> 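A single structure is presented below for examination.
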Amino acid sequence: MTMIRKINHVGIAVSSLDEHIPFYRDVLGLTFAGTEEVPGQKVRVAMFQVGEVKIELLEPLSEESPIAKFIEKKGEGIHHLAYETDDIENELEGMKAKEIRLIDEEPRHGAHGSRIAFLHPRSSAKVLTELCQSGEE
Ligand code: ZN
């Protein structure tokens with residue numbers, strides 16, 4: 001049986017990475033792991049490491065990006081919480097069996113070769129929740 005043992009990252013929606021990277025890198029002094037485009041989600045992400053947890057800033061690449069819609073509705077801010085799993089398929093099957101509403105029935109590609117799936121926030125007190133299985137680095 002698979003288990004969720006830790007938070008992998010916190011996703012924060014921003015309208016501009018350039019504007020917000022300096023706070024996380026230079027003021028908080030987090031380890032900056034670079035930026036990457038994730039075409040599947042129409043975003044560019046900047047990753048920071050703090051202990052075992054990452055902070056993921058998400059900048060929309062187009063108006064159709066879910067991040068663009070989020071910022072339009074709610075403004076910049078915390079977008080999602082990502083829990084790490086070592087078997088995302090199994091975890092999703094378990095969620096389906098428990099009738100948890102999913103956004104992604106199947107895992108899709110996230111940053112750094114990871115595979116991710118979002119659960120519907122209705123099941124999690126309106127916190128958009130991501131399952132995340134790290135890729136081979
Ligand atoms: Zn994420």
Side-chain angles (χ1 to χ4, degrees):
M1 189 177 149
T2 57
M3 273 179 77
I4 289 172
R5 291 194 180 81
K6 63 178 188 176
I7 302 274
N8 180 281
H9 63 267
V10 179
I12 299 175
V14 299
S15 44
S16 160
L17 289 185
D18 291 342
E19 185 185 329
H20 293 288
I21 284 172
F23 174 79
Y24 291 90
R25 184 189 56 199
D26 307 330
V27 179
L28 293 184
L30 310 186
T31 304
F32 181 44
T35 63
E36 181 183 348
E37 282 193 16
V38 183
Q41 294 183 84
K42 301 187 180 78
V43 292
R44 198 160 70 97
V45 306
M47 282 285 195
F48 303 86
Q49 192 79 36
V50 48
E52 286 193 41
V53 177
K54 297 181 198 65
I55 302 295
E56 179 186 76
L57 302 186
L58 303 132
E59 175 195 75
L61 287 174
S62 92
E63 288 298 306
E64 291 96 71
S65 166
I67 297 299
K69 288 172 188 153
F70 177 90
I71 291 172
E72 197 183 298
K73 262 210 260 180
K74 301 183 178 175
E76 296 178 308
I78 292 186
H79 178 259
H80 66 271
L81 210 49
Y83 294 91
E84 187 164 312
T85 170
D86 50 14
D87 188 347
I88 194 166
E89 264 98 8
N90 196 324
E91 204 67 61
L92 284 173
E93 285 311 312
M95 303 256 170
K96 283 180 208 170
K98 290 171 186 144
E99 300 187 336
I100 300 301
R101 198 163 152 206
L102 304 175
I103 293 175
D104 298 310
E105 300 268 328
E106 304 293 334
R108 53 183 159 133
H109 295 288
H112 300 290
S114 63
R115 293 192 306 146
I116 65 172
F118 284 100
L119 315 183
H120 195 280
R122 193 173 71 180
S123 304
S124 48
K126 294 188 181 166
V127 177
L128 181 59
T129 299
E130 176 188 328
L131 299 176
C132 167
Q133 182 172 1
S134 297
E136 320 290 310
E137 301 265 326

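Here the structure is a predicted model, which means the values were calculated and not measured. Note that ligands are numbered from 1 as they come in the structure, with each ligand's atoms numbered from 1 the same way.
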> With the Zn ion (ligand 1) at the centre, find the angle made by NE2 from H9 and NE2 from H80, to 10°.
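So the angle at the metal works out to 110°.
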
> Considering all heavy atoms of both residues, which atom of E59 and which atom of S16 are nearest to each other, and what is their separation?
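Scanning both residues, the minimum pair turns out to be OE2-CA, 3.4 Å.
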
> Which atom, among the N/O/S set of E130, is closest to the Zn ion (ligand 1)?
OE1

> Is any side-chain heavy atom of H20 less than 4.5 Å from a side-chain heavy atom of I12?
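Not touching, per the 4.5 Å side-chain cut-off.
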
> Return the name of the atom in E56, of element N, O or S, nearest to the Zn ion (ligand 1).
OE1

> When you compare the side chain of E52 with that of E84, does any pair of heavy atoms fall below 4.5 Å?
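With C-beta onward as the side chain, the pair stays apart.
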
> If I compare all heavy atoms of H79 with all of A13, which pair ends up nearest, and what's the gap?
CB-N, 4.0 Å

